[in-house]
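Worksheet for the structure shown next.
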Amino acid sequence: MKRVGVIGGGQLAWMMGDAAKKLGVELIVQTPNPTDPAVSIANDTVFAAVDDANATEKLAQRCDVITFENEFVDLEKLFLLSRQGVCFRPNLLALKPVLDKYHQRDFFQERGLPTPQFLALEIEKKPYQIKDIEDNIGFPLVMKSRRHGYDGQGTFIINNIDEFKSKLNFFPTQSNNFLLEEFIPFTKELAIIAARNINGDIVTYPVVETQQKQQVCRRVFAPAELDFSVLTKVNQIATTLLESLDYVGVLAIELFLTQNNQVLINEMAPRTHNSGHLSLDACETSQFEQHLRAICGFPLGNTKLTYPCATMVNLLGYEQSKNQYLEKRQQIEQLAKTHLYWYGKNKSRLGRKMAHATTLLDINDRSKAMAIANQIEAIWYPS
Ligand code: ADP
C-alpha cells in the first residue's frame with residue numbers, strides 16, 4: 001500500500017481519485033479549502049495553501065511520497081524537507097526551472113532544446129532595452145509574467161513599442177517580473193504527455209493538437225495530424241527532458257509548430273495537464289493512473305489510443321455564478337460517446353475551468369471532431 005501526498009486539491013488531484021482506488025493507493029491532499037474538488041476523493045486532507053511548507057511537513061509524516069498537482073510551492077523550504085529525507089516525485093530539481101518562465105527558457109536553451117528567442121525585462125536598464133528588444137525579438141512580442149502565470153493570465157501579446165510602453169506604465173513596479181519573447185506565428189500548437197518511472201522506463205502519449213482562445217486552452221484533438229519527422233522531434237524532446245531532469249512522474253510539454261515544420265518548446269508542466277485529459281476516456285491508461293504508477297514504482301501502463309480519434313473541450317466559466325448548469329451538462333452528456341467531467345467547483349467565474357467533455361470517434365475525421373467540439377461549445381456558452 002502506498003500513501004501519496006498531493007500538493008494541490010484542484011481538478012487534477014480530483015481526477016487521480018479513480019486511478020488511486022484502482023491501484024490501491026491512498027491520497028492525502030494539501031489544499032486550502034474544504035470545497036476544493038479533490039477533498040471529496042481524498043482519504044485525508046491537510047487544509048493549507050500549496051506554498052505552506054510547514055503543512056507539507058505534516059503531510060510528509062502521513063505519506064510515503066509527495067507529488068504535485070500545482071507547482072506554485074515554496075521550493076526553498078521544500079528542499080529543506082527533502083534533505084531531511086522526504087521523498088518528492090518528481091524531484092525538486094525538476095521543478096526548479098519551471099517556477100520562473102525566464103529560468104525555464106534558459107534551461108531549454110542550455111540543453112540545446114529549441115525555444116522562442118527571449119530576454120528578461122530589466123527595469124533598471126531604461127529605456128527598457130528597446131534596442132535589445134528590436135534586435136533580438138522584434139514586434140509583435142509576447143510579454144509574460146515570470147511567475148505564477150497560468151491559463152494565459154499574465155501573458156500579453158504586444159504589437160508595437162507604444163503598446164509596450166503603455167503596458168509598462170500599467171505595471172510600473174513589477175516590470176522586472178516579466179519575460180519578453182518573440183511571437184511565434186505557429187501553424188499549430190501541440191502537446192505531449194510523457195512519463196518516466198523510478199527504473200527509468202519512459203512512455204509517451206500520442207501527440208495532441210491544442211487550440212487556445214485568448215491564450216486559454218479551449219479544445220484538444222487526438223491524434224495531431226503531423227508528419228512523422230515532427231512526431232519524432234516531439235518525442236525526442238520529451239525523452240531528453242525526462243532523462244536530463246531524472247524525472248519521475250508525468251511531464252507535460254507544450255510546443256509550437258512553425259510553417260517550416262520547426263518545433264519550439266513553449267513550456268513544460270511537472271504534473272498531469274489539461275492537454276492529457278482525454279486520456280481518461282481515449283487511452284488505455286489515463287495520465288492520472290500513469291502518474292501514480294510512475295511515482296509509486298509500478299510498471300508504466302500502455303498509452304495507446306483506444307479510439308481512432310478523440311476531442312476534448314474545456315467548459316470554462318463565462319459568468320460569476322453559483323449555477324451548477326445541470327441542464328447543459330445533461331445535454332452534453334447525451335451526445336454520442338461523450339463523457340463530461342464536472343469538477344464540483346461551487347462558484348463559476350469568467351475563464352474558470354469548471355468541467356471538460358471528451359468525445360470519442362469511430363473514425364479519424366478531424367472535421368467531424370471539430371463539428372462535435374462546436375456543438376459542445378454551442379450548448380455550453382450562451383450565444
Ligand atoms: P500559460 O502558462 O498562462 O498557459 P503560455 O505561455 O502557455 O501561458 O501562453 C498561453 C498561450 O499564449 C499559448 O498557448 C499560445 O497560444 C500563446 N502564446 C504564448 N507564447 C507565445 C509566443 N511566443 N508566440 C505566440 N503565441 C504565444
Side-chain angles (χ1 to χ4, degrees), residues 8 10-12 50 68-73 95 97-109 113-121 133-134 136-160 163-164 167 171 174 177-193 207-221 224 234 237 241 251-277 312-314 316-317 349-353 356:
Q11 64 265 21
L12 298 177
V50 295
F68 308 89
E69 76 108 55
N70 181 316
E71 59 274 23
F72 298 139
V73 292
L95 251 73
V98 175
L99 298 189
D100 180 315
K101 284 182 195 263
Y102 175 74
H103 292 156
Q104 193 175 155
R105 289 251 172 277
D106 240 3
F107 171 86
F108 295 141
Q109 202 174 51
L113 293 166
T115 196
Q117 294 291 331
F118 65 99
L119 52 88
L121 184 58
I133 293 169
E134 281 177 334
N136 296 305
I137 298 177
F139 290 96
L141 59 77
V142 185
M143 181 167 163
K144 294 182 177 179
S145 293
R146 288 175 57 164
R147 289 178 165 271
H148 293 113
Y150 72 100
D151 286 351
Q153 293 180 32
T155 293
F156 311 100
I157 294 171
I158 311 278
N159 290 300
N160 50 50
E163 276 184 31
F164 178 59
K167 198 49 105 190
F171 296 111
Q174 302 169 27
N177 304 333
F178 285 101
L179 157 75
L180 302 179
E181 64 183 39
E182 65 175 316
F183 177 86
I184 307 296
F186 53 79
T187 51
K188 283 178 185 163
E189 284 194 83
L190 308 174
I192 186 167
I193 302 286
V207 179
V208 296
E209 179 177 346
T210 65
Q211 292 181 351
Q212 352 294 314
K213 210 168 178 177
Q214 284 158 345
Q215 285 90 53
V216 184
C217 178
R218 293 289 290 261
R219 301 154 168 217
V220 176
F221 295 96
V234 174
I237 287 172
L241 283 172
L251 177 74
I253 306 159
E254 297 176 77
L255 312 107
F256 301 124
L257 180 68
T258 68
Q259 237 154 14
N260 54 1
N261 270 352
Q262 216 195 337
V263 172
L264 299 169
I265 307 174
N266 178 22
E267 60 180 0
M268 62 179 174
R271 52 171 165 77
T272 56
H273 191 256
N274 195 180
S275 61
H277 288 357
M312 190 242 33
V313 179
N314 274 335
L316 305 177
R349 53 170 191 271
L350 198 67
R352 190 172 197 203
K353 287 177 176 154
H356 75 264

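We count ligands from 1, going down the list as the structure has it; atoms in each ligand are counted the same way.
Remark: minimum distance from atom 22 (C) of ligand 1 to any protein heavy atom is reached at Val142 CG2, 3.5 Å. The protein heavy atom nearest to atom 24 (N) of ligand 1 is Ile184 N, 2.8 Å. The protein heavy atom nearest to atom 12 (O) of ligand 1 is Gln215 CG, 3.1 Å. Here the heavy atom of the protein found nearest to atom 26 (N) of ligand 1 is Phe186 CE2, 3.5 Å. What sits closest to atom 2 (O) of ligand 1 on the protein, heavy atoms only, is Lys101 NZ, 2.6 Å. The protein heavy-atom contact nearest to atom 18 (N) of ligand 1 is Phe256 CZ, 4.0 Å. The protein non-hydrogen atom at the shortest distance from atom 13 (C) of ligand 1 is Glu189 OE1, 3.3 Å. Ranking protein heavy atoms by distance to atom 20 (N) of ligand 1, first place goes to Lys144 NZ, 3.0 Å.
Atom-to-atom distance recorded for Arg271:CZ and Phe68:CZ is 12.0 Å, nearest 0.5 angstrom. To the nearest 0.5 Å, atom CG of residue Leu113 and atom CG of residue Leu255 are 10.0 Å apart. Put simply, CD on Glu189 and CZ on Phe186 are 3.5 Å apart, with the number rounded to the nearest 0.5 Å.
Numbered from 1 in the order shown, with element, the atoms of ligand 1 that lie under 4.0 Å from a heavy atom of Gln212 read 14 (O), 16 (O). Taking every non-hydrogen atom of Glu181 and a distance limit under 4.0 Å, the qualifying atoms of ligand 1 come out as 20 (N), 21 (C), 22 (C), 23 (N).
Classified by interplanar angle (parallel below 30°, tilted 30° to 60°, perpendicular above 60°), the ring pair Tyr102/Phe118 is perpendicular.
His103 has its side chain within reach of Arg146: a pair of non-hydrogen atoms, C-beta onward, lies under 4.5 Å apart. Here the side chains of Thr115 and Leu264 are not in contact, with every heavy-atom distance at 4.5 Å or above. Looking at heavy atoms from C-beta onward, Arg218 lies out of side-chain contact with Asn314 at the 4.5 angstrom threshold.
For Thr210, no heavy-atom contact with ligand 1 is shorter than 4.0 Å.
Only one option out of Glu267, Glu182, Glu181 pairs with Arg105 in a salt bridge (charged side-chain N to carboxylate O under 4.0 Å, His left out); it is Glu181.
Distances from atom 4 (O) of ligand 1 to the heavy atoms of Met143, Glu182, Glu267, Gln214 put Glu267 nearest.
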